[in-house]
Amino acid sequence: MLKGKIIALDLETNGLDPYHGDRAFCMGLKTNVGEKIYKRVTRESITWLKRMFNDASKTFVFHNAKFDLTMLMMEGIDPFSMKAHFDCTLTMSKVLRSTAQNHDLRTLTVKLLKRDPKDKDDIQTWIKQSTRAFNKEHGRKPGFNDAPEEMVKRRVLWDAESTLMLYQLLKPHVEDVCPHLYETERMLHLVCIDMERTGILIDITKAKQLRDKATKELERLQVDLDALVCPMTIIKKKKRKRKGETYIEEIPEEIISLNPGSSAIHLPAAFTKMGIPLKYRTESKKKSKGQPGRTGGGNWSFDEYAMVRYVSKPLAGVIRESSEEGWSVDKYYREVYRVLKKHKLHKRELLPPLILKHRELSKMISTYYSHLIDDCVDVKITPTGREIGVLHCKFNPSEAMTGRFSVSKPSLQNWPRLLGPRQCVIVRKGRRNWHSDYQQVEMKMFVHFARDKVMAKAISEDIHLTVAAKIYELPKKKVSSEQRKRAKGTNFGIIYGAGAKKIAETLTRKGLPTSEFEGKTLVAGYHRQFPSVRRTTQGLATELRRDGYIVNPFGRRYHIPSSLGYKSLNYMCQGTSADLMKAAMVKIWLWLRKHKLRSKMIMTIHDEIVLEVVRAEEKLVVPKMKELMEDLRSFFVPITVDFKVVSKRWSQKTNPEMEWFKKKVG
DNA sequence: ACAGTTAGCCC
DNA sequence: GTACGGGCTAACTGTC
């Protein structure tokens, strides 16, 4: 046994995905009394670790506890019943400075500890240098466990030592600044390990059916497109060098099949050939991760908004309606051809709608169906002959700068609400999935910060209608649906820090033409009616100028460069609702464990928590879920949740109609 | 192999 | 005088 009470532990693994076979192969430990141990992962070393994990006087420190604990779980160590305490330096760094771009061990160590990263980097250098030779000999790329052991040992010990040093540096700050927030984030490691382990049940047979159907439809689209534009000449550009001078050579090429995904080469050629003059260009985009500045832009644009402007009105209507209502491909096809015929449109008008549908279908296949089919594990055949499997997504509790969750490999949070993929998520036997979402939670946070009484009253009714009535100075009954939509756009625009111009532009893009002047009118009316909003924004700006950061009610700090001060309000609204939900997740998870219930938390989508509840536990779990989520009395407006229930497929989410639910939850 | 760009889905 | 927020993934494209 190690003598030190504080033990930094790092693992080296042969990959990052424990649910597809990646495993730890060695460990490095460094303690507060100077012990420094390197071990291979073996039965003996795991038993040795297990003993210390059961010692309540010890603290294990990780950099990303979720990862290392998951890997250890795969070796037979139960992270949920360990007696030792654990801490996580990654989490510490994130709660102290959510908005930093990078919290990885190397960056923090170099920046905060000024430590030479050579021992960490050597292994990557080795991999880069030996990839070719290794691949030739073994037929695969080298991983960390193929590197010389001396090198691996130096790296894992460097990691453990750095982790311990970061712990000693950051722990006092965390205790000082936001101990409760840190505790929530710390517990969230266990919640996520558990959610990832549980996974989502997938109907693979269904996914295959939907994929095959989409593939057939894709082929039909391809035939139509090729008949329309091919053969066609495209121009490929290649940089050439001659006599020290570089020049661009344009090589014409005859193609017989259009690639609708090639927006730089094929699409401009196709439009030109069909006699549609190119008109619209892409806008430059903001850089990601809160970086100032813009990037890209200026190329020919073929997104949906451009496409609806390339076709005549009736056809544009078909495109819009289809994407708003989630039409089937058959219906879309029928309508496109019907409208074309009815209005005697030129056949060139087929090009944009066919490309759009092609894009949608190939996205469905490659982003959604193929993962559902390929990434599932524990695949089984049900008695009825269906293939089902489990999908273990990765939950990242603090990947986003604001404190929001993200999900990856694959992401569960961006599945289309109207189209196929959600049909493939099914419920385990004897259970139902209860989705409970915070109603209008970001709006509520906004009202909380603004402390606006009119909005507070309206938030439990129809906030967008109320705001529309105020802006347009009309009785609610006289507000048109377009006015309400514009008010809604303004509400979100204000929270996102938009100006009048951008609000008008966004509304227009969404199919609700709005002039810049009207945008200005909207925003002016908004501030006239709700002066509290400007006060709130200015208050945050003052705080930011004074401290260099702003801090949300849970103690999370946002360091925002003054040039990006307009983001303050959004970070506060988004981040506070994220922290609210995280606190609820931990409370629910702990409660389920304390009462040894079999119901499981399986996912979260920003303002929504999903539990897979055993039927016999429903009357106990569902009301408690509501109670724990709504137990937040310190806000200016009541925080409430709404339930939906799923008994078979995620796509069939309904309002709960059970008597006990109406009586107990209401 | 890698980075930049576009596109499209979610809250 | 100013500005829509936060994510993930895939495909294409040109450069190293």
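Each chain gets a letter, A, B and so on, in the order its sequence line appears, and its residues count up from 1. Predicted model only: the values in this text are computed from it and were never measured.
Between the NZ atom of A/K286 and the P atom of C/dG7 there is a distance of 13 Å, rounded to whole Å. In this structure, A/M603 places its CE atom 12 Å from P of B/dC11, rounding to the nearest Å. Straight-line distance from the CD atom of A/E442 to the C1' atom of C/dG5: 8 Å, rounded to whole Å. In this structure, A/W415 atom CH2 and C/dA10 atom P are separated by 13 Å, rounded to whole Å. As rounded to whole Å, 19 Å separates atom P of C/dC4 from atom CZ of A/R486. The nearest whole Å value for the distance from the NZ atom in A/K567 to the P atom in C/dC4 is 11 Å. To the nearest angstrom, P of C/dC12 lies 12 Å from CD1 of A/I255.
The side chain of A/F302 lies closest to B/dA7 when the candidates are C/dC4, B/dT5, B/dA7. Minimum atom distance to the side chain of A/Y566 is reached by C/dG5, of the listed C/dG5, B/dA7, B/dC9. When each of C/dG5, B/dA7, C/dC4 is scored by its nearest atom to the side-chain atoms of A/D303, the top-ranked nucleotide is B/dA7. Checking C/dG14, C/dG6, C/dC12 against the side-chain heavy atoms of A/A400 singles out C/dG6 as nearest. Which of C/dA10, C/dT13, B/dC10 sits closest to the side chain of A/R422 comes down to B/dC10. Among the nucleotides C/dT9, C/dG5, C/dT13, the one closest to the side chain of A/S408 is C/dT9. In this structure, of C/dG6, C/dT13, B/dG8, it is B/dG8 that holds the atom nearest to the side chain of A/R359. Relative to the side chain of A/N396, the nucleotides C/dC4, C/dG6, C/dC8 differ in distance, and C/dC8 lies closest. Ranking C/dT13, C/dG6, C/dG5 by closeness to the A/T402 side chain, first place goes to C/dG6.
On a pure distance criterion of 3.5 Å, a polar donor-acceptor pair joins the side chain of A/R404 and the base of B/dC11. You'll find a donor-acceptor pair under 3.5 Å spanning the side chain of A/K363 and the base of B/dG8, going by distance alone.
Going from the C1' atom of C/dC4 to that of B/dC11 covers 14 Å, rounded to whole Å.
No more than 12 heavy atoms of other residues, nucleotides or ligands shown are found within 6.0 angstrom of NZ on A/K279.
An OP1 or OP2 oxygen of C/dC12 is reached within less than 4.0 angstrom by no side-chain nitrogen or oxygen of A/H266. Within the 4.0 Å cut-off from OP1 or OP2 of C/dG6, not a single side-chain nitrogen or oxygen of A/Y496 is found. Look at A/S301 and you'll find a side-chain N or O under 4.0 angstrom from OP1 or OP2 of B/dA7. An OP1 or OP2 oxygen of C/dC8 is reached within less than 4.0 angstrom by a side-chain nitrogen or oxygen of A/S406. OP1 and OP2 of C/dG6 both lie 4.0 Å or more from every side-chain N or O belonging to A/N570.
Here A/E399 lies in heavy-atom contact (under 4.0 Å) with sugar-phosphate atoms only. Among the atoms of the strands shown, only primed sugar atoms or phosphate atoms (P, OP1, OP2) are found under 4.0 Å from some heavy atom of A/I265. Residue contacts for A/I560: at a heavy-atom cut-off of 4.0 Å it reaches no nucleic acid atom on any strand shown. Within 4.0 Å of A/T367, counting heavy atoms only, lie sugar-phosphate atoms of the nucleic acid but no base atom.
Under the 4.0 Å criterion applied to side-chain N and carboxylate O atoms, A/D375 and A/K409 are not assigned as salt-bridge partners. A salt bridge is absent between A/K488 and A/E482: the closest approach of a Lys/Arg side-chain nitrogen to an acidic carboxylate oxygen does not fall below 4.0 angstrom. Under 4.0 Å is where a charged nitrogen must lie from a carboxylate oxygen, and between A/K394 and A/E196 no such pair does.
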**Message:** A/S301 vs A/R281, test: side-chain hydrogen bond (donor to acceptor under 3.5 Å, both in side chains). Steps then yes/no.
**Reply:** CA-CA 5 Å; A/S301 172; A/R281 291 182 182 271; over 6 Å; no

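Cation-pi geometry between A/R422 and A/W415 is not met at under 6.0 angstrom from the ring centre and within 45 degrees of the axis.
At a cut-off of 3.5 Å, with distance as the only test, a side-chain donor of A/H435 or A/E608 sits close to an acceptor on the other residue.
Place A/N414 and A/K501 on DNA chain C by their nearest nucleotides, and A/K501 ends up nearer the 5' end.
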